[in-house]
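Remarks on the structure that follows.
Atom set for the values below is all heavy atoms of this structure, side chains included, hydrogens, waters and symmetry mates excluded. Being a predicted model, the structure only gives us computed values, none of them experimental.
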Amino acid sequence: MKEQLPDLHSHFCDLNLEAHMYASQWFLTLFTAKFPLCMVFHIIDLLLCERLNIIFHVALALLKTSKEDLLQADFEGALKFFRVQLPKRYRAEENARRLMEQACNIKVSTKKLKKYEKEYQTMRESQLQQEDPMDRYKRENRRLQEASMRLEQENDDLAHELVTSKIALRNDLDQAEDKADVLNKELLLTKQRLVETEEEKRKQEEETAQLKEVFRKQLEKAEYEIKKTTAIIAEYKQICSQLSTRLEKQQAASKEELEVVKGKMMACKHCSDIFSKEGALKPAAISREDQGIESDDEKDSLKKQLREMELELAQTKLQLVEAKCKIQELEHQRGALMNEIQAAKNSWFSKTLNSIKTATGTQPLPPPQSTQPPKEST
């Protein structure tokens with residue numbers, strides 16, 4: 001400093017401001033105590049490349065950049081400048097970069113540093129030899145007392161910090177235990193809800209199985225009734241066709257018999273004389289009308305039976321339609337019930353996952369998409 005900054009060195013000598021009052025912290029902490037990290041990173045990089053000489057370069061660069069301010073300051077102002085204002089100046093990365101460039105441009109040879117080291121050791125030895133042992137012991141005693149007081153203060157600070165940390169840890173532990181109790185209660189409730197939901201699911205599955213069985217039986221019954229009704233209708237149709245054929249055959253036979261009788265009667269002279277008169281054919285006409293009436297009665301009875309069968313067929317069809325409607329309604333109810341079961345299952349599953357993740361301290365996932373079965377078309 002005396003060689004490169006002589007005016008600043010003389011000013012510090014006038015103020016009785018020694019180097020250890022401001023530079024010891026720089027050398028002991030590698031400038032990490034006060035200066036920002038952006039500047040410290042550059043210093044450590046240069047230290048790894050240039051070794052310990054870079055510390056002197058940076059110290060001289062700091063003094064050179066602050067020379068004007070330090071020359072105008074007194075003892076207290078200089079110490080305050082080193083403690084407060086100088087670190088603030090290099091918070092900007094641009095200022096720190098310029099400082100590093102200036103520090104790299106400063107030349108301090110290793111031989112000169114070794115020479116100063118030897119001169120300093122020689123001066124210290126001569127001072128120790130010339131100094132009165134009593135004064136040296138007093139100074140050493142005073143230094144030891146100061147060190148003891150500093151250590152006691154540090155011990156008190158550490159004890160206070162230890163007590164504070166123990167209290168904080170105790171509070172954190174109590175809070176963690178309370179939180180653990182709450183989480184355990186929530187876990188028990190979740191397990192209970194899980195058991196209840198499983199039981200409800202089992203009951204709903206049993207009800208669904210029962211409903212399926214009922215639907216299957218009703219469907220089988222309806223199919224059986226449809227088959228039975230179809231068979232009855234086919235049988236009625238066959239009977240009607242047989243009756244129609246039989247009626248036609250009887251009418252044809254009656255006509256043939258009537259023609260035969262008529263021919264015989266006309267072949268007989270006496271019978272022909274009797275039937276040749278106007279009123280003689282009335283009994284035959286009456287008998288023919290009687291036969292027509294009988295055939296009409298038989299037709300009416302057959303028609304009546306046919307209408308009854310058609311009415312019964314219509315009633316059967318109506319019952320079949322009602323059964324189909326009832327089956328469709330039950331299928332619709334079954335689909336709605338399955339949807340409700342699926343929705344309840346999904347909501348319970350998502351709630352269970354959220355509660356478990358909350359209990360373990362993890363972030364809940366989005367609930368799974370509900371895959372509802374498609375509703376059967378009615």
Donor-acceptor pair, side chain of S148 and main chain of L144, under 3.5 angstrom: no
So, are K227 and E223 salt-bridged, with charged N and O less than 4.0 Å apart? no
Less than 4.5 Å apart, any side-chain heavy atom of M21 and any of F75? yes
Between CD of E93 and CG of L37, what distance do you get to the nearest 0.5 Å? 11.0 Å
Let me confirm one number: the NZ-NZ distance from K88 to K34, rounded to the nearest 0.5 Å. 11.0 Å
Once rounded to the nearest 0.5 Å, what's the spacing between atom CD of E50 and atom SG of C104? 6.5 Å
If we ignore hydrogens and angles and just use 3.5 Å, is the side chain of H11 paired with the main-chain N or O of L70 as donor and acceptor? yes
Would a 4.5 Å heavy-atom cut-off, applied to side chains only, mark E196 and E199 as touching? no
Q175-N171 side chain donor-acceptor pair, cut-off 3.5 Å: no
Residue pair L173 / R170, side-chain heavy-atom distance below 4.5 Å: yes
Do E119 and M123 have side chains that get closer than 4.5 Å, going by heavy atoms? no
Say whether T65 and Y90, considering side chains only, have a donor N or O and an acceptor N or O under 3.5 Å apart. yes
Check the pair K201, E205 against side chain to side chain contact (heavy atoms under 4.5 Å, CB included), reporting the backbone distance first and the verdict last. CA-CA 6 Å; K201 177 185 174 183; E205 288 178 353; 3.2 Å; yes
Kindly say whether L162 contributes a backbone atom to a donor-acceptor pair with the side chain of S165 at under 3.5 angstrom? yes
Before accepting this row, confirm whether a basic side-chain N of the pair K185/D181 lies closer than 4.0 Å to the acidic partner's carboxylate O. no
Is any side-chain heavy atom of D69 closer than 4.5 Å to a side-chain heavy atom of Q85? no
Can you get from L28 to I55 by hopping between Ile, Leu, Val, Met, Phe, Trp and Tyr side chains that sit under 4.5 Å apart? no
Please give me the minimum heavy-atom distance between A78 and A73, naming the atom from each residue. N-CB, 3.7 Å
Under a 4.5 Å cut-off applied to non-hydrogen side-chain atoms, are R97 and M39 in contact? no
Residues two or more places apart in sequence or in another chain: which of them pass side-chain hydrogen bond (donor to acceptor under 3.5 Å, both in side chains) with N16? none
In terms of side-chain geometry, is the basic nitrogen of E146 or R150 positioned less than 4.0 Å from the acidic oxygen of its partner? no
Would you confirm whether the ring centroid of F82 sits within less than 6.0 angstrom of the ring centroid of W26? yes
Which is it for E259 and K255 under the salt bridge (Lys or Arg N to Asp or Glu O under 4.0 Å) test, yes or no, and what are the steps along the way? CA-CA 6 Å; E259 291 294 333; K255 285 182 181 180; over 6 Å; no
Linking I/L/V/M/F/W/Y whenever their side-chain heavy atoms sit closer than 4.5 Å, directly or via other members, would L63 and L113 fall into one cluster? yes
All heavy atoms of V84 vs all of P87, minimum pair found to be O-CD, 3.3 Å
Hey, quick one: are I232 and L318 part of the same hydrophobic cluster, counting side-chain heavy atoms closer than 4.5 Å, chains of contacts allowed? no
Do F56 and F27 have ring centroids that are under 6.0 Å from one another? yes
Please say yes or no: joined through hydrophobic side-chain contacts below 4.5 Å, possibly via intermediate residues, are L30 and L52 part of one cluster? yes
Tell me, yes or no, whether the heavy-atom count around R51 atom CZ, taken from other residues, nucleotides or ligands under 6.0 Å, exceeds 12. no
Tell me, with the steps shown, if K212 and R334 meet side chain to side chain contact (heavy atoms under 4.5 Å, CB included). CA-CA 8 Å; K212 285 183 179 179; R334 174 178 169 272; 3.2 Å; yes
Got a sec: does the NE2 of H20 have more than 12 other heavy atoms crowding it under 6.0 Å? yes
What are the two closest heavy atoms between L5 and K64, and how far apart are they? CD1-N, 4.0 Å
What heavy-atom pair brings L71 and D7 nearest, and what distance separates the two atoms? CD2-O, 4.0 Å
Identified salt bridge (Lys or Arg N to Asp or Glu O under 4.0 Å) partner of R202 from the options E206, E200, E198: E206
To the nearest 0.5 Å, what is the distance between CD1 on I54 and CD1 on I106? 9.0 Å
As an exercise, state the distance from OG of S10 to CE of M1, rounded to the nearest 0.5 Å. 8.5 Å
Does N95 use its side chain to pair, donor to acceptor, with the backbone of R91 at less than 3.5 Å? no
Inter-residue atom distance L47.CG - H57.NE2, 0.5 Å rounding: 11.5 Å
Aromatic contact, Y22 with F12 (centres under 6.0 Å): yes
Between V58 and F31, the two heavy atoms sitting closest are CG1-CZ, 3.7 Å
Verdict with supporting geometry, E101 and N105, side chain to side chain donor-acceptor pair (under 3.5 Å): CA-CA 6 Å; E101 292 177 355; N105 292 328; over 6 Å; no
Side chain proximity check, L219 to I327, heavy atoms < 4.5 angstrom: yes
Heavy atoms, side chains only, cut-off 4.5 Å: are Q242 and Q238 in contact? yes
One pair to check against side chain to side chain contact (heavy atoms under 4.5 Å, CB included): L86 and F35. What are the steps and the verdict? CA-CA 8 Å; L86 186 61; F35 293 95; 4.1 Å; yes
Between Q4 (side chain only) and K107 (backbone N and O only), is there a donor and an acceptor less than 3.5 Å apart? yes
K304 vs R307, test: side chain to side chain contact (heavy atoms under 4.5 Å, CB included). Steps then yes/no. CA-CA 5 Å; K304 186 176 181 181; R307 283 196 299 270; 4.0 Å; yes
Taking the side chain from N339 and the backbone from G335, do they hold a donor-acceptor pair closer than 3.5 Å? yes
